[in-house]
Structure formats: structure tokens, C-alpha cells
Amino acid sequence: MTNVDLSRRSFVTSALAAGGGLMLGFHVPVAQAANLVMGDASKAPAEGPEINAWLTIDPKGVVTVRTPHTEMGQGGMTSVAQLIAEELNVPWKDVRAVLADANRHVNRGQEYKDMSTGSSNLVRNRHPHIMQAGASARERLREAAALKWGVPRAQVKAEQGMLSAGSNKGTYGEFASAAASVKLAEEPKIKAYGDWWLLGKDAPRMDVAVKVDGSAIYPIDVRVPGMVYAAVKACPVPGGKVKSFDASAAKERPGVVAVIELKQSKDKLANSDLRSAVAVVADSFYRAKTALDLVKIEWDFGPGASMSFAAMDKQAVDLMGKEAKHVEEVRGDPRPLLAADGKAIKSEFMRPYEAHAPMCPPSAVAHVAKDRVDVWSFTQDVSALLRLTANQAGRDTKDVFVHATYQGGAFGLGNAVDLPRQAVELSKQVGKPVKVIWTREEDTAQARSRPPVWAHFEASLDEKGLPKAMLSRAVAEPNVPAYADRGIANIPYAIPHYRYERHVAASHMPVGPNRAPGSNSNGFLMEQFIDEMALAGGWDPLEWRIKMTEGNERWQRVLLKMKEVAGFTTKLPKGQGMGVAVVESHGSTVGVCATVEVSRRGSLSIEKIVVVSNTGYVINPRAAHEQVKGCVAWELSHVLHGGLDIREGRVNNVNFNNYKMLRLPDMPKVESHFAMSEDKWWGGFGETAGPPTPPAVANAIFAATGKRVRSTPILKHDLSWA
Amino acid sequence: MKLTLNVNGATHEVDVEAETPLLWVLRDTIGLTGTKYGCGIAECGACMIHLDGQPTKACNLNAAAAAGKKIVTIEGLSKDRSHPIQKAWIEHTVPQCGYCQSGQIMSAAALLQKNPKPTDRQIDEAMAGNICRCGTYLQIREAIHAAAKIGA
């Protein structure tokens, strides 16, 4: 592990330092501003010449890297800083990170190319342009030194913050000003893959210290002078609208400023479009929330009101028995072979809707002033947030300032809420800065949740017990049906005749991305059926997977490593079991081996989860292992306890008393291993260890009990055995 | 209703409805935002504080009931991140998004106060009231053991 002095591990954060003048003219009181500016209140942000949009270097050589992406717990600040520092060649202890300024990005020609944060894209797909920014800065420092010393740039070395050529020596800090005005004739290429001194080494995350003393600022924590608070309630049945409301009792409550109806902006709502809702604005959040409870709202629930998940499930089960029109024939036509096989294996699985429930309930502060708009909000893309703020306020993007904060989890929900529009609209109407907080109940009821999925599988085995024909038929929900295809439409297993088809079941519930979208639920379906096929053919499930992916380097690497480290066996006494599963998502192939114990009475204990990841490369093993553990917990939470209870068109389990979460006592031991291809491709790390976890656990439960778990939450099933 | 609250050793005179949860008085009235709102029904532990030394969920406690008692929030645990739990949290890079960590740390600090060398099982019991969606549970368990060593 990189040896880093603890006192220097506290890095500065927030957009306020970035771009210098972001907060110009904005009157935040000093104490509050300091809190926002500095992750570590004991250190001022480093200032110095801007070498390019991505970094500044102060006279002492302290490099401040601007992270365009959201820091929501995935370690984005640390990753960007590491990629830049690798190319810049600067001691890690001299690197700080701040969140970059969306205003300059949007108004100065997309300086950061893309500020969105999702799909595990940051390192996977953005490392070339991030590293290029670091390489470019390094070459400009070398060029500045070459000009001063009268030597060719090729003779100037740039290493660990020092420039040198023969007897000439200088620091990056000394040459920062000169470098800032250098124009290169040709931009340098980034380093060859693997030819690194910093990437691939453990770097403690940069945002840790501010998160142990309450000083890290999340949108819910932002306080600006004159600010009032709002509680909102949108129609509990998605798609429904306010018919009328009586606010007389609410208006009599102390501190209430206004009761405002927010009008739905469009007939068909996309991600962040404003929905029909009622808001109470008051001088404290508690007063706003309690007054909102007194508003009598009559809703037009709309066509969704009669929907229930039970009815949707019934329709899906019916559809699974029928051939679907949407077809992707991957290879051959398995149907004649399946029809001719009297012993074809048939199986069905389901996973329900799930909510994200980030620990920080979605919150936003907006201040629509005469000449500018300031906003702090739950988001995964500050540039998109800036544009929608400008749109809602009716202002030019130049006059909109998005202030970055930490995000208290997001998991895909960050771009899928109308919350910032609510804050902007309310501020516009009351003429004051407004903080909107969604209660946990509002968050769960209004989230664009993770879609449910069903699948029917059939397979016919050959004389060796291996599948010669297989049919997969998924049933998706109607809003983003393609999520159902992930990991089912295309499978890595060499089955000569394979067909995938998809139905859609009716639902009005909005959906959106949720940590490893599609793959997160589909792995549970597909990888359990793989085990059913393997066992029916008399194969060891791990050996089956190795056999069926012969020649697939990425999968072989994971499976062979699994065989080496997990001690997988099918020969445990009843009540104990091991299960394996592998899922490819977000460019990565990840395998999990689960060990469980199930008592005769059916009490499940997950003893151990072994994870083997092939993401191509890993830039920060320590942070990657932490993400692996987090992904395992994420999926275990849903697979053991989750499932949204949808009746009368609405989510009924909207808080943690009835939408249960994984807690510390449930958390199994996790062992994380790497099996990297290191072959010029990169996969993601922030979500990919989740999807194989549920099927590995379910396969282990089958091994222990002989019971196949066909739907989640697992804990609702009777796992007892005799 | 006028109340006198003792928070982190300082006295605060506040004027709020008596039934206002202490959580919102700390955050909105006094301005100590380190104590977090997560569920409002004492299920997630993001609002954990110490009330006369006992771990207490501030979302579930009327401000009036806290008057006259000693309230300690995350901001008052130490001046310089020097509490053994905070040191161990940094050393083991426990936080990811970090939002639940104020509550996790306050629960863990209360545990060590009562039981300087907790077993895994005692940690499980003491920390079961705190939810972390990022799934930092294993690091939390390790860090509590590490803090127990620092504290000794």
C-alpha cells in the first residue's frame, strides 16, 4: 500500500475552490463557506496557476485536481486524481481533489467532455481523456523548463514534481505560471497500458477524513442566508395528479410561508420532468413537513390506481408460457429440438421492483435571484443539473451556478428525480432560497425504481449431459424493457441452438437505473438455470461453466481463479452448501462463490462470499476491494429482504420498518480476488460484484436444502428441510 | 416553547414547538448538520447522538425531553478527529458516501465506552440499529476492533 502520512490524507473538496470565481458575488457567511470549501477545515484549498481545466499547481507544488464527476461513495475523486497524478508524475502526497465547476464546463465548450457519473464509466471509459489532461500538463511544464534553460524538451525530465536537465533543476511549482501559457504543437499520447508507477497501487480514498466528523456537506446540509424549507408530496400513484386541495389548516400552523401546487409540466413524464405535487414552505423543515400532513389533497389517481404487483406477476406468469414476438435469435433455432425432447428442463424465476433508498434522502437547495440562480442538489451529473435548473428558472446557463456537494449515495437514482425543478420553482415563487427535502417515504414512493423481471427457460441436453438447445423468454416491464435483455439475450456459454425472446407486462410504475441495471436482477434468473442444467446433466456446476466457456479468455480467467481460491465443492453434508455464479456487466466479468448454512427449520446463514473480478485492469486495489464488498451488501440487501409491495397503484412499504435493509449482523465474510486480463480493455468496478451474488447464494441454498429459490426476497421462502 | 439545550458542552436557547424532534433542532435551529436525517422513525440510526452518555436516535426524541440533559453530537466527539473510533475509521477508510457514518461512529463510540473490548457478536448487537446502503459493514467491524486496540 502507498505509504501516505495521515495528516496529509485530508483533501479539499467542493466546487467552490474550482474555477476560482464560482462563488463570486454570492454571500455565504464565512463559517458556512469554509465548511463547503474545505473538506478538511484545517487546510486551505491550494491556489495556483491553472495548467488546464483539470488542475492547478501552487508555488509549493501542491496539485489540485478538479473532478468533473460526482463523489457518491464510489471513490470518483480519488480515481480522477490518481489518473492525473500518474501522467503528471507528482508525489501522491502533494495531490488534492476538488469537485469541478459545471458552469465553466457548460459555457466554455464542454471542457471536461462529460460530467455525468454512472454506468461505471469513470475509469472504464474516461481514463483516456483524463490521463491525457495530466500528460498535457506535464509536457507543458517540461516545455516551460526547456524554454527557460535553452534545451530541447526531450532533455527535460519530469519526475515526482521535479523538472531537471543536466545541472538545471526546478519544481513544478516554480514553473507552473510559465507552463500555464505554453501552447503545445502536438498533444502527447497517454502512457502505454500497465506502464505505470501510481496506477495499480493502493491509494486511500481522499474523502474519508471529512466523513468522520460531520463536516462533509451533502445537499441536505446546505444552509444559505434567508433560506426557507419545503416538504413536498407528489401523487402516491405515479402518473396521478392533484385534483384539489384544502390548505386552510396548514396555513394556520406557525412558520408556514406558503402552500404551493406544483403543476405537472408534460403529459408524458421523462426522468426529471416536474410532476403534479403539493408543497408547504415554512421556516423549518419540521414545520413544513407537519403542516403538509394537514393539507387535505384530493387526487386524480389516474389509470395506475388499480394496478398491483400480484396482478402484474399473474400476467407475467401467463406470458411466460407463450411465445413472444420480440425475438433475438442468437444462434440456431432450439425450438424443434426442445419440442422433440420429452425430458427438456423447464424453469421459471422472478425478481420484483426495488428502490434505491440512498441514505441521504433526495434534497436540493435553490436560490433564484434577480441576476443569478444558485443550486445544490442530489444529482449524478452537475452539468445536466445546471441545464435543467436554467430551463426551470427560464435563465441563461451562464447565470446558473451549481455548487457541488458530496452525495449521500445515489446508485443510479441521481438523474431520475424532479427534485431540483421543485426547488427552483418554489424559490421562484417565494422569492427566497428554498431547501426541499424528500422524506424517506416520499423518496421510496416517488423513486424511479429498479424494474422487475421474469424469465422462463427450457433446455435440452445431449448425450454428454451438456445443453444442445436452450430457450430464454423474459418478461419485462414496459418503460425500459431492454434491461431484461442484459445477460440473457447474449450468454457466453457455447450452446449450439439458442433463442432469446421477450414479452412486456403492463405497469405504470416509473423505473430507472439501479446499481448494475438489468444485470443486477437477471443474474439471479440465468445463473440459477445454468446450475439446473449442469446438475441435470450430472456436471459439477463450476466444471460445467469452465467447459462451456472454453476459449473465452475473460471468463476462463475468472473461473479458473475461482477454482483455485474458493474451495468449491458439491460434497458438503446436508444443510451446508456452496454455489457459484458468474455475470458479465459494465465491461467486467465477475464470479462469486457463496457458502451457506441452512438449519432444518430453514434459518439461513451466509457464511462466506468469495468474489473474483476481471475488470481488465485495476487502478486502486484497495478502493476496488471496498467497492466489491459494498456491491455484495447491496445485492444481499435486496435479495434477502427487498421487494416493493405495490398495491392500489402505489408503493406501500415506503420506509425502513417495512422495506427492510441488510444490517451489520447479516453481513457475511467477503473475500475479494482479482483475475485481470490486462489486455487493453477496462471494465467497471463500482457495481459489477453485485449481480453474481444472489444466484451464487441461491445455488448454495439449493445445494444445502434441495430447494430452488425462484423469486426474491429469499427470506419469504420456507427453506426448512428434513 | 423556550428550551435550554446543552450540546457539546455549549448552552443553546431555542424557541421551538416542544414536540419538535431533537434532530431538526440540532440541524435547522442550532446548525449542527453532522447529525443526519435518514428515516424519521428510528430505524436507520443516521441521527444517533449521545444523551447523557447513552446512544439515542435524535429523530425519535422530542426536543423538550432533551432539555437539561447532556447532548453530544458527532461534532462534539472530538475537536480534531482524535477519538479512537474516528482514527480507526480513517485508517480503515470506512466511509464511502459517508452519510450514515456520523450515526455509525456515535453508535460505535457508545459501544466502546461501555465495553472497551467487544466481540464480533457484541459489535453486531450494538450496530444493528445503523443502516449503511454502501455496505461498509465489514470495514466498520474491523475498525471497531482496531479502535478498541487504540483505546487500550
Side-chain angles (χ1 to χ4, degrees), chain A residues 6 9 42 71-75 204-205 207-218 220-221 223 229 254 284-287 356-361 406-411 437 439-441 622-623 626-627 629-634 636-637 655-657 661-665 667 669-670, chain B residues 16-17 19-21 23-25 27-29 31-41 43-44 46 73-75 77-78 80-81 83 85-87 89-91 93-102 104-105 121 123-125 127-141:
Chain A
L6 266 191
R9 283 249 304 276
S42 64
E71 178 56 74
M72 49 194 179
Q74 89 286 26
R205 295 168 45 103
D207 51 337
V208 168
V210 294
K211 293 177 175 177
V212 306
D213 63 0
S215 67
I217 297 291
Y218 301 87
I220 200 171
D221 300 326
R223 290 155 59 87
Y229 299 78
S284 82
F285 179 69
Y286 185 69
R287 283 175 163 177
H356 307 72
M359 285 311 296
C360 182
Y406 288 111
Q407 297 295 338
F411 311 113
I437 300 172
T439 59
R440 175 61 62 201
E441 291 83 359
R622 177 178 178 151
E626 289 166 359
Q627 286 301 305
K629 291 170 190 169
C631 287
V632 168
W634 181 258
L636 284 181
S637 191
N655 207 330
F656 297 137
N657 57 331
M661 296 290 149
L662 186 87
R663 291 166 185 270
L664 192 141
M667 185 71 195
K669 189 179 168 197
V670 177
Chain B
V16 295
E17 280 79 51
E19 77 278 8
T20 309
L23 168 68
W24 297 109
V25 177
R27 292 181 54 83
D28 291 353
T29 313
L32 291 170
T33 56
T35 304
K36 303 302 189 193
Y37 163 67
C39 68
I41 56 168
E43 282 283 337
C44 78
T73 70
I74 184 74
E75 291 91 345
L77 193 61
S78 76
D80 48 4
R81 305 174 183 137
H83 188 283
I85 288 287
Q86 290 171 310
K87 285 201 222 168
W89 246 242
I90 292 171
E91 185 60 36
T93 51
V94 174
Q96 288 184 16
C97 92
Y99 189 79
C100 74
Q101 299 295 343
S102 295
Q104 304 278 3
I105 288 169
R121 200 193 175 109
I123 291 173
D124 282 2
E125 279 169 17
M127 302 304 291
N130 291 80
I131 295 172
C132 172
R133 287 292 274 154
C134 298
T136 64
Y137 296 124
L138 295 173
Q139 293 93 311
I140 287 172
R141 194 183 276 146

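Residue numbers start from 1 in every chain, and the chains themselves are labelled A, B, ... in the order their sequence lines are given, proteins ahead of strands.
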Inset, instruction - Against chain A, label Gln139(B) side chain, backbone, both or neither, depending on which of its atoms sit under 4.5 Å from a heavy atom there. - result: side chain

Legend entry - Main-chain N/O of Ile220(A) paired with Arg27(B) side-chain donor or acceptor, under 3.5 Å: yes

Inset, instruction - Taking all non-hydrogen atoms of both residues into account, name the closest pair between Val208(A) and Pro95(B) and its distance. - result: CG1-CD, 3.8 Å

Legend entry - Minimum-distance pair of heavy atoms, taken over all atoms of Cys97(B) and Tyr218(A): O-OH, 2.6 Å

Legend entry - Residues forming a side chain to side chain donor-acceptor pair (under 3.5 Å) with Thr136(B), sequence neighbours excluded: Gln101(B)

Inset, instruction - Please identify each residue that fulfils side chain to side chain donor-acceptor pair (under 3.5 Å) with Trp634(A), with sequence neighbours left out. - result: Asn514(A)

Inset, instruction - Output, in order, the C-alpha distance, side-chain angles, deciding distance and verdict of side-chain contact (heavy atoms from CB on, under 4.5 Å) for Leu664(A) and Ile123(B). - result: CA-CA 9 Å; Leu664(A) 192 141; Ile123(B) 291 173; 4.2 Å; yes

Legend entry - Closest contact, heavy atoms only, Val212(A) versus Ile74(B): O-CD1, 3.5 Å

Legend entry - Spatial distance of atom CG (Asp213(A)) from atom CH2 (Trp89(B)) [nearest 0.5 Å]: 14.0 Å

Legend entry - Residue pair Met661(A) / Glu43(B), side-chain heavy-atom distance below 4.5 Å: no

Inset, instruction - Check whether any side-chain N or O of Arg440(A) sits under 3.5 Å from a backbone N or O of Gly40(B) as a donor-acceptor pair, and report yes or no. - result: no

Inset, instruction - Measure Ile105(B) against the heavy atoms of chain A and call it side chain, backbone, both or neither at under 4.5 Å. - result: side chain

Inset, instruction - Measure from the side-chain N and O atoms of Lys36(B) to the backbone N and O of Cys360(A), and report whether any donor-acceptor pair falls under 3.5 Å. - result: no

Legend entry - Backbone of Ala209(A) reached by a side-chain donor or acceptor of Arg81(B) within 3.5 Å: yes

Inset, instruction - Report yes or no: do Arg223(A) and Thr33(B) form a side-chain donor-acceptor pair below 3.5 Å? - result: no

Inset, instruction - Without swapping roles, check the side chain of Tyr286(A) against the backbone of Glu17(B) for a donor-acceptor pair under 3.5 Å. - result: no

Inset, instruction - Take Asp124(B) and Arg663(A) through the test salt bridge (Lys or Arg N to Asp or Glu O under 4.0 Å) and record every step on the way to the result. - result: CA-CA 9 Å; Asp124(B) 282 2; Arg663(A) 291 166 185 270; over 6 Å; no

Legend entry - Asp80(B), part contacting chain A, at a heavy-atom distance under 4.5 Å: neither

Legend entry - Contact winner vs chain A - Cys132(B), Gly31(B), Ala46(B), heavy-atom pairs under 4.5 Å: Gly31(B)

Inset, instruction - Could you tell me the separation between the CE atom of Met127(B) and the CE atom of Met667(A), rounded to the nearest 0.5 Å? - result: 14.0 Å

Legend entry - Main-chain N/O of Lys629(A) paired with Tyr137(B) side-chain donor or acceptor, under 3.5 Å: no

